[in-house]
Peer 1: 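One structure follows; several queries about it will come next.
Because the structure is predicted, anything quoted here is derived from the model rather than measured. Numbering of ligands and ligand atoms starts at 1, following listing order.
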Amino acid sequence: MFTFMNPEVGFTSDVIKDPNRFVGRADLVSEAIAALNSSLGLIAIYGKRGVGKSSLTRQIQALANGDYELVRRAGLNHLLPKTPRSYYTVYYQCDSMISGANDLITRLCNDTNEEDGLLRLVPDKGKALTEFSRTSEGSVGLDLKVLNWGAKGQEAAKYTNAIPGDIIQTFRNFASSVVDNNNRIFRKRDALLILLDEFDVIKDKSGLGSLIKSLSSDKVKFGICGIGQDLSGLISDHGSIGRLIEQGSIFVKPMSRNETEEIFNVATKLFSNTVTFSKECIGEISDLCEGYPYFAQLIGKSCVNEANTLGTNHVDIKILKIIKNKMLSGQAFPSLEETYQRAIGQSEDRAMLLALLAEQKDNRAEYDAQLGQVFLAKSRSSAQELGVEYMDQLLPRLIEERYGPILVKVPDTRGSYEFADPVFRAYVKLRRPGRL
Ligand SMILES: Nc1ncnc2c1ncn2[C@@H]1O[C@H](COP(=O)(O)OP(=O)(O)O)[C@@H](O)[C@H]1O
Ligand SMILES: [Mg+2]
């Protein structure tokens, strides 16, 4: 009997907070447990776009909060110390409007988000809050407020040490009040964990490393997450962090085939076994997504949609074939297609060039191959064979920021680029240019 199914029950393109949806990554989870249980040190989570960094960071937040569901499910219980360190946690998503270190700390000190913001943990949030964010601009007033808050007891002493107009000191005061104050009310926790997602988009990262180092202590731990192939891509003055990072450097690679396949088993569970996928179909989808869970979730969703249309709850290779055909003509994934159209700008030649670049094979060692570099020179002769002329004139649009950018120049190389979004690259491989 057929039941109409909402694809969102089993698949999502959102960051994954729910440990029951989170697949694989046992090695990274165990690294995270170790990092959380050391009293000093910074956690850095980096990797390519769409690979699952934010989802992992959310899982780390849950672990820090003392939710070990993920550990139990992954069979990693034995890695937990007898009394794991637990944290009050802050999760902040950076954006490109943040100019630098001061700006970032100001934002943190003003974040009123009820689930993830720093202020929710700072004493006497309530009434003073609206006033607080209003006065924060001329930050002189801000510290006076703080002074007023500490009405009695220990905090008062701490707050009176605030230096008016000094946001860094204000942050220190906030941070140092969090653990003591909240431990009076809640179950005792050891420290404060501040997770900063999309750290890579902060414009001027100079000095951020040493600032984070100076703000870290056994009571305050930072975790930063963002796009980068290595630590230096994420934090420019990473040298100054030195030993802080020894344990907590977490590189998120594309998923293994098994992990990608597991996404579909988990989806079946989430669908309460109503929707099933043939083994062959799961295998093929896992090949198509090249280890990017975002693409797996997307294809999974559209398979379930298609199955609904056909009145079945079993997704097999025939349904996948329909989706693949839709991809060929650009009808399957509107948002990826929009990026595609913007990139090629109605030029068939550019579409061909893009396809050739996306298809370039990489026979180097695994680490290099993960860089996903493509070389202009490599595609030149095939481009000529296909009648694509003036390759060098087609390229600029693909590099320009306002059209994506689709390609990013790899520094210190000649004619070498990287697809800014590997999921998009995988999509281009499945999207046939008009002339073919
Ligand atoms: N461990 C995982 N298991 C299943 N799906 C995942 C996992 N990690 C990420 N995803 C999916 O992949 C997509 C991208 O994840 P996200 O965490 O936002 O990546 P990033 O922050 O690296 O861009 C989302 O659709 C998310 O649902
Ligand atoms: Mg992210």
Peer 1: Is it the case that the ring center of Phe199 lies less than 6.0 angstrom away from the ring center of Tyr92?
Peer 2: no

Peer 1: Is it true that Arg107 and Asp95 have a side-chain N and a carboxylate O under 4.0 angstrom from each other?
Peer 2: yes

Peer 1: Checking Asp204 side chain against Ala101 main chain: does a donor-acceptor pair fall under 3.5 Å?
Peer 2: no

Peer 1: Counting non-hydrogen protein atoms only, what is the nearest one to atom 6 (C) of ligand 1? Give residue, atom name and distance.
Peer 2: Ile16 CD1, 3.4 Å

Peer 1: Could you grab the distance from atom OG of Ser217 to atom CG of Leu40, nearest 0.5 Å is fine?
Peer 2: 7.5 Å

Peer 1: Does the Arg397 side chain pair with the main chain of Ala343, one donor and one acceptor, at a distance under 3.5 Å?
Peer 2: yes

Peer 1: Taking a cutoff of less than 4.0 Å between a non-hydrogen atom of the residue and any ligand atom, is Gly50 in contact with ligand 1?
Peer 2: yes

Peer 1: Could you check which of Phe295, Tyr294, Tyr292 puts a non-hydrogen atom nearest to atom 12 (O) of ligand 1?
Peer 2: Tyr294

Peer 1: Going by the order shown, which atoms of ligand 1 are within less than 4.0 Å of some heavy atom of Ser13?
Peer 2: 24 (C), 25 (O)

Peer 1: Is Met255 close enough to touch ligand 1? Criterion: a residue heavy atom under 4.0 Å from a ligand atom.
Peer 2: yes

Peer 1: Give me the residue, atom name and distance of the protein heavy atom closest to atom 11 (C) of ligand 1.
Peer 2: Pro293 CB, 3.7 Å

Peer 1: Will you find, in the side chains of Tyr87 and Gln61, an N or O donor that is under 3.5 Å from an N or O acceptor?
Peer 2: no

Peer 1: Between Asn20 and Asp18, is the side chain to side chain donor-acceptor pair (under 3.5 Å) condition met? List the steps.
Peer 2: CA-CA 5 Å; Asn20 293 310; Asp18 177 0; 3.3 Å; yes

Peer 1: Could you tell me, atom by atom, which parts of ligand 1 come under 4.0 Å of a heavy atom of Lys48?
Peer 2: 22 (O)

Peer 1: Return the set of protein N, O or S atoms whose distance to the Mg ion (ligand 2) is under 2.8 Å, each given as residue and atom.
Peer 2: Ser54 OG

Peer 1: With a cutoff of 4.0 Å, is Arg58 in contact with ligand 1, counting heavy atoms of the residue only?
Peer 2: no

Peer 1: Are Ile43 and Thr57 packed together at the side-chain level, in the sense that at least one heavy-atom pair is separated by less than 4.5 angstrom?
Peer 2: no

Peer 1: Which heavy atom of Asn313 sits nearest to which heavy atom of Thr274, and what is that distance?
Peer 2: CB-O, 3.2 Å

Peer 1: Between Thr12 and ligand 1, which part of the residue brings a heavy atom under 4.0 Å of the ligand: side chain, backbone, both or neither?
Peer 2: both

Peer 1: With salt bridge (Lys or Arg N to Asp or Glu O under 4.0 Å) as the test, would you mind laying out the steps for Glu306 and Lys326 before giving the verdict?
Peer 2: CA-CA 11 Å; Glu306 198 62 45; Lys326 286 190 175 172; 3.0 Å; yes

Peer 1: Does any part of the side chain of Cys281, heavy atoms only, come nearer than 4.5 Å to the side chain of Ile285, both counted from C-beta?
Peer 2: yes

Peer 1: Taking 4.0 angstrom as the limit and counting only heavy atoms of Ser54, give me the atoms of ligand 1 inside it, by number and element.
Peer 2: 17 (O), 20 (P), 21 (O)

Peer 1: Roughly how far, to the nearest 0.5 Å, is OG of Ser416 from NZ of Lys378?
Peer 2: 9.5 Å

Peer 1: Tell me the contacting part of Asp14 for ligand 1: side chain, backbone, both, or neither, using a 4.0 Å heavy-atom threshold, strictly below.
Peer 2: backbone

Peer 1: Identify, by atom number and element, the atoms of ligand 1 in contact range of Val15, meaning under 4.0 Å from any of its heavy atoms.
Peer 2: 18 (O)

Peer 1: Measure Lys53 to ligand 1 on non-hydrogen atoms and call it side chain, backbone, both or neither using the 4.0 Å cut-off.
Peer 2: both

Peer 1: Closer than 4.0 angstrom: is that true for some heavy atom of Arg21 and an atom of ligand 1?
Peer 2: yes

Peer 1: Could you find the nearest protein heavy atom to atom 5 (N) of ligand 1 and give me its residue, atom name and distance?
Peer 2: Gln297 NE2, 2.9 Å

Peer 1: N/O to N/O below 3.5 Å, does that happen between Val23 and ligand 1?
Peer 2: yes

Peer 1: Shortest non-hydrogen contact from Leu76 to Ala26?
Peer 2: CD1-O, 3.7 Å

Peer 1: Who's closest to atom 15 (O) of ligand 1 heavy-atom-wise, of Ser55, Gly24, Pro19?
Peer 2: Ser55

Peer 1: Classify the ring geometry of Phe295 against Tyr427: parallel below 30°, tilted from 30° to 60°, perpendicular beyond 60°.
Peer 2: perpendicular

Peer 1: Show your reasoning for whether salt bridge (Lys or Arg N to Asp or Glu O under 4.0 Å) applies to Arg72 and Glu69.
Peer 2: CA-CA 5 Å; Arg72 203 183 50 72; Glu69 172 67 16; 3.0 Å; yes

Peer 1: Gly52 heavy atoms, cut-off 4.0 Å: which ligand 1 atoms fall inside?
Peer 2: 8 (N), 9 (C), 15 (O), 16 (P), 17 (O), 19 (O), 20 (P), 22 (O)

